[in-house]
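Order of the sequence lines sets the chain letters (A, B, ...), proteins ahead of strands, with each chain counted from 1. Computed from a predicted model, the values in this text were never measured in an experiment.
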There are 2 protein chains.
Amino acid sequence: MPQDSPSPADQADRFARAREVQAVALLEDYVEMIGDLIAEMGEARVADIAARMGVAQPTATKAIARLKREGLATSRPYRGVFLTEAGAEMAERVRARHRTVVELLIAVGVPAETAELDAEGIEHHVSDRTLRAFEAFLAAARH
Amino acid sequence: MPQDSPSPADQADRFARAREVQAVALLEDYVEMIGDLIAEMGEARVADIAARMGVAQPTATKAIARLKREGLATSRPYRGVFLTEAGAEMAERVRARHRTVVELLIAVGVPAETAELDAEGIEHHVSDRTLRAFEAFLAAARH
DNA sequence: GCGAAGAAATAGCCTATGCTATATTTTTCG
DNA sequence: CGAAAAATATAGCATAGGCTATTTCTTCGC
């Protein structure tokens, strides 16, 4: 039997947090990818964004509209997509977190390929507190 | 520059997998919770399920309808909810995975409370391969 | 400079997951 | 036993995120 079963309210809070995280996860993925595309190719086109996200082009267009609504990106019709300052900041944070999660997984014995695959979903749920613990663990592991 | 940047197709596959995972995550959460409720209280009522999930009662009813559609649970109007064999099996698997994820997080230095909070979202993205790595790591850590 | 090709936007549809408000059924108790 | 209370179901709505089909705009090449 679990000796520390949480109260229903606590548990509800946990699920509520997981739901909130999930709501921003997509934004994070798009923002990071747009940052990648700009870094690699000089610009982020809707078609490339859609291809990398593995979605149809109108789906990407709709997501970009949401990014604009949330102040993370800008774009003009038939032109490329750009990140706002807030968007670029988010992209950098997400990229760093992704790297740390992959490294942590590898450090505890997950094969590199699997680590990449699982990190894509896991990273969004890694809180700042947990991220710091991961960094400390990795620093210690590196002596 | 990232020396191992994945092909757009590979990356799209990763996102596709993350999306699939997310689609079953809710089912897993409900099934696990229904299992908990039956174990603790002898039965799982819609109102209790809703309270623990932190959602309105009709939302829980709708989710239960989906569980029934997917062959994971059964129920009759105005009566409790029960798990099918498949549902019970899923509940056990999810519960074990949850425990392992929490333990792993704690083992790498995450505070217990934070571990519980983050595990709620992380667990769904932990593949079998990664779960086995976690178990091996924990076994080694315990000597 | 103009027509074809390509890229992006728009229209319209679907499912999942939330919600509130309201009906219905069951349970409880005076 | 019958009415009030509690539990559950249903109706109806919203948003997010998918899709295909179609329109509109830009770009390219002759």
B:Met33 side, atom CE; B:Glu40 side, atom CD - distance, nearest 0.5 Å: 9.0 Å

Boundaries of the DNA chain D segment in contact with chain B, non-hydrogen, under 4.0 Å: D:dA7 to D:dG18

Heavy-atom protein contacts under 4.0 Å, nucleotides 10-25 of chain C, coded B base, S sugar-phosphate only, - none: B-----SBBBBB--BS

Separation of C:dA7 P from A:Leu37 CG (nearest whole Å): 14 Å

Residue pair B:Phe15 / A:Arg52: nearest heavy atoms and the distance that separates them: CD1-O, 3.6 Å

Pair A:Asp36 + A:Arg95: basic N to acidic O under 4.0 Å: yes

Distance-minimising heavy-atom pair for B:Ile34 and B:Ala44: CG2-CB, 3.9 Å

Salt-bridge contact A:Arg99-A:Glu103 (side-chain N to carboxylate O under 4.0 Å): no

Closest contact, heavy atoms only, B:Ser75 versus B:Ile64: OG-CG2, 4.3 Å

Side-chain heavy-atom pair B:Glu43, B:Arg79 within 4.5 angstrom cut-off: no

Any A:Arg79 side-chain N or O less than 4.0 Å from OP1/OP2 of C:dA8: no

Atom pair CG/CD1 of B:Leu67 and B:Ile49 - distance to nearest 0.5 Å: 8.0 Å

